[in-house]
Amino acid sequence: TGLGLGLVAVRRGEFDSARRRLLHGWLEARRLRMPREQALALEFLGEALILVGRVNTARRVLALCRRTAERLAPGGDLIAECGIREALLALVAGDPGQAWMTADAARACAVETGLPWEESQALRLGAIALSRLGRRAEAREALLAARSRLQAMNEQLEIRLVDRWLGFLD
């Protein structure tokens, strides 16, 4: 599907292909009246746009993602996932205060919906924001909490990423 191939393209760093595939996946999901798939396509499209520096377009895409996710299930898994991308967007846009608030809300939603991987991502992004705000001790606590969640899932790549951030704080 366009959605699955788009996600793979994002992970591979093939952002032009990802954008095309995810936009196609969103349009197809819209045509088929599949709102969950629409929100997922928008979530990953927003992430790809952030990674290529198209902040304003990403902001609009993620706003549509959030509206779609809230119509489906306020407080559901898609809200946490969208919030993680919104926190990344705030970091990239240079607003660590907003990034912290958004990451913390996404973390709380992930906890409520039982999503430890998403919780760890929100903790990591929140820690980066806290670090940028000069709150290094809180950043370290958040990274250690993220590491603990990731360790329980044996997510070695993500653990290494968190360890690098912990090293940055030393």
> Ion pair present between Arg67 and Glu70, side-chain N to carboxylate O less than 4.0 angstrom?
Replying inline: no
>> Distance check, rounded to the nearest 0.5 Å: Leu23 atom CG versus Leu49 atom CG?
In response: 9.5 Å
> In Å, rounded to the nearest 0.5 Å, how long is the span from CD of Gln38 to CG of Leu78?
Replying inline: 11.5 Å
> Under the side chain to side chain contact (heavy atoms under 4.5 Å, CB included) criterion, do Arg136 and Leu130 qualify, and how do the steps go?
Replying inline: CA-CA 7 Å; Arg136 294 172 75 83; Leu130 287 166; over 6 Å; no
> When hydrophobic residues are tied together by side-chain contacts of less than 4.5 Å, even through go-betweens, does Leu27 share a cluster with Leu64?
Replying inline: yes
> Quick one: CD on Glu138 to CZ on Arg140, what's the gap to the nearest 0.5 Å?
Replying inline: 13.0 Å
>> Quick one, Asp77 and Glu118 - any side-chain contact, counting heavy atoms below 4.5 Å?
In response: no
> Going through the distances and angles, do Arg147 and Gln151 end up as a side chain to side chain donor-acceptor pair (under 3.5 Å)?
Replying inline: CA-CA 6 Å; Arg147 192 179 198 294; Gln151 192 74 42; 2.9 Å; yes
> Do NZ/NE/NH1/NH2 and the carboxylate oxygens of Asp95 and Arg132 come within less than 4.0 Å?
Replying inline: no
> Got a sec: does the CZ of Arg30 have more than 12 other heavy atoms crowding it under 6.0 Å?
Replying inline: no
> Quick one: do Arg85 and Glu81 make a salt bridge, cutoff under 4.0 Å?
Replying inline: no
>> Under 3.5 Å, is there a donor on one side chain and an acceptor on the other for Arg21 and Ser17?
In response: yes
>> A side-chain contact here means heavy atoms from C-beta on lying under 4.5 Å apart; do Leu166 and Val162 qualify?
In response: yes
>> I'd like to check Arg71 versus Pro35 (side-chain heavy atoms, cut-off strictly below 4.5 Å). Are they in contact?
In response: no
>> Quick one, Leu157 and Arg160 - any side-chain contact, counting heavy atoms below 4.5 Å?
In response: no
>> Using only atom types and a distance under 3.5 Å, with no angle test, would you say the side chain of Arg54 pairs donor to acceptor with the backbone of Ile50?
In response: no
> Ion pair present between Glu47 and Arg11, side-chain N to carboxylate O less than 4.0 angstrom?
Replying inline: yes
> How close do Ile84 and Ala106 get, heavy atom to heavy atom, and via which atoms?
Replying inline: N-CB, 3.9 Å
>> I want to check something: taking the side chain as every heavy atom from C-beta on, are Thr57 and Arg60 in contact at a cut-off of under 4.5 Å?
In response: yes
> Cluster question for you: counting only ILVMFWY and a side-chain heavy-atom cut-off of under 4.5 Å, with indirect links fine, are Leu45 and Leu62 together?
Replying inline: no
>> Are Leu5 and Phe44 connected into the same hydrophobic cluster when the rule is that any two of I, L, V, M, F, W, Y join if their side-chain heavy atoms are below 4.5 Å apart?
In response: no
> Can you find a pair of side-chain heavy atoms, one from Trp100 and one from Arg135, that are under 4.5 Å apart?
Replying inline: yes
> Do Glu86 and Gln98 pass the side chain to side chain donor-acceptor pair (under 3.5 Å) test, and can you show the C-alpha distance, the side-chain angles, and the key distance before you say yes or no?
Replying inline: CA-CA 9 Å; Glu86 290 168 332; Gln98 182 64 44; over 6 Å; no
> Of the non-hydrogen atoms in Ala39 and Ala69, which two are nearest, and what is the gap between them?
Replying inline: CB-N, 4.5 Å
> Can you tell me if Ser131 uses its side chain to pair, donor with acceptor, with the backbone of Ala127 under 3.5 Å?
Replying inline: no
> Looking only at heavy atoms, which two atoms of Val55 and Ala93 are closest? And how far apart?
Replying inline: CG1-CB, 4.1 Å
>> Could you check whether Arg107 pairs with Asp104 (Lys NZ or Arg NE/NH1/NH2 to Asp/Glu carboxylate O, under 4.0 Å)?
In response: yes
> Does anything in residues 148-170 pair up under ring-ring contact (aromatic ring centres under 6.0 Å, His included), and if so which pairs, sequence neighbours excluded?
Replying inline: Trp165-Phe168
> In Å, rounded to the nearest 0.5 Å, how long is the span from CD of Glu14 to CZ of Arg20?
Replying inline: 9.5 Å
> Distance from Cys65 atom SG to Ile79 atom CD1, nearest 0.5 Å?
Replying inline: 8.0 Å
> If you look at every heavy atom in Gly46 and Ala58, which pair is closest and at what distance?
Replying inline: O-CB, 3.7 Å
>> For residues Leu91 and Met101: do they belong to one hydrophobic cluster (side chain heavy atoms under 4.5 Å, members Ile, Leu, Val, Met, Phe, Trp, Tyr)?
In response: no
> What residues, two or more places apart in sequence or in another chain, satisfy ring-ring contact (aromatic ring centres under 6.0 Å, His included) together with Phe15?
Replying inline: none
>> With a 4.5 Å cut-off on side-chain heavy-atom distances among I, L, V, M, F, W and Y, is there a chain of contacts connecting Val10 to Val61?
In response: yes
>> Is any side-chain heavy atom of Leu123 closer than 4.5 Å to one of Leu143?
In response: no
>> How close do Leu3 and Leu22 get, counting heavy atoms only, and between which atoms?
In response: O-CD2, 3.8 Å
>> If you compare all heavy atoms of Gly25 against all heavy atoms of Ala41, which two are closest, and at what distance to 0.1 Å?
In response: C-CB, 4.3 Å
> Just how far is it from atom CD of Glu155 to atom CH2 of Trp117, taken to the nearest 0.5 Å?
Replying inline: 7.0 Å
